[in-house]
Amino acid sequence: EAQVTQNPRYLITVTGKKLTVTCSQNMNHEYMSWYRQDPGLGLRQIYYSMNVEVTDKGDVPEGYKVSRKEKRNFPLILESPSPNQTSLYFCASRETAIYEQYFGPGTRLTVT
Amino acid sequence: DQQVKQNSPSLSVQEGRISILNCDYTNSMFDYFLWYKKYPAEGPTFLISISSIKDKNEDGRFTVFLNKSAKHLSLHIVPSQPGDSAVYFCAAKKEGNMLTFGGGTRLMVKP
């Protein structure tokens, strides 16, 4: 089954404690991205990757890092989480020339 | 400054009637538009899209209309079904690869 998986689905952490949210896709997609969803603001892109070892900033990259060492994986790293990063996070992937994206189920992060 | 806006946070429609969800954008460089549907506790799923060279695209019960002069996009669902109850996001793409999403509209279809 074609899918994008994220782990964990729910995470409660404290300010400053480094965390990683994993994302994996099994569709051999070159393009992957991370979004955060906040009430009234829709989905805002954090980072995206056109291919292995190629990453670029989206609209709201501050406080986040990503890496793309393998085609299927695109982890999101919060080196020092803060309460304003409390949000619902989605990973997505697609083929390069097609703009319809497949989204993961989401990770709800709470930073206290 | 939000370049893609969905001004109605919610919409309630009777089963069998038409649902019309609206989306306005400000950037004339957007060249491709998409609608996504999102159920609770799930990621968004692609619904329908339209290129800026077209003004209408239809897929079953779903039709998207694009009015470039008004910078307005709408999604029509006919007939509406209770299973259509979800949050709908419109998204727009300009040259490059980033999508800009609207804030979403929650559709409730009453039996």
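In what follows, every chain begins at residue 1, and chains take the letters A, B, ... in the order their sequences are listed.
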Close side-chain approach of Val64(B) to Phe33(B), heavy-atom, < 4.5 Å: no

Heavy-atom side-chain proximity of Leu107(B) to Ile77(B) below 4.5 angstrom: yes

Under 4.5 Å from a heavy atom of chain A, the part of Pro9(B) involved: neither

Atom group of Thr45(B) that falls short of 4.5 Å from chain A, counting heavy atoms: neither

Any side-chain donor near an acceptor of the partner, Ser24(A) and Asn26(A), under 3.5 Å: no

Qualifying residue, where the test is ring-ring contact (aromatic ring centres under 6.0 Å, His included) with Phe101(B) and the options are Tyr88(B), Trp35(B), Tyr36(B), Tyr25(B): Tyr36(B)

Tell me, for [X] versus chain B, whether the close heavy atoms (under 4.5 Å) come from the side chain, the backbone, both or neither.
X	answer
Asp38(A)	neither
Tyr99(A)	both
Thr96(A)	backbone
Arg94(A)	side chain

Largest heavy-atom contact set with chain B, pairs under 4.5 Å, which of Gln45(A), Arg108(A), Gln6(A): Gln45(A)

Top contributor to chain B interface from Tyr102(A), Phe90(A), Phe103(A) [non-hydrogen pairs under 4.5 Å]: Phe103(A)

Salt bridge flag under 4.0 Å for residues Asp24(B) and Lys71(B): no

Glu15(B) versus Pro111(B), closest heavy-atom pair with distance: OE1-CA, 3.3 Å

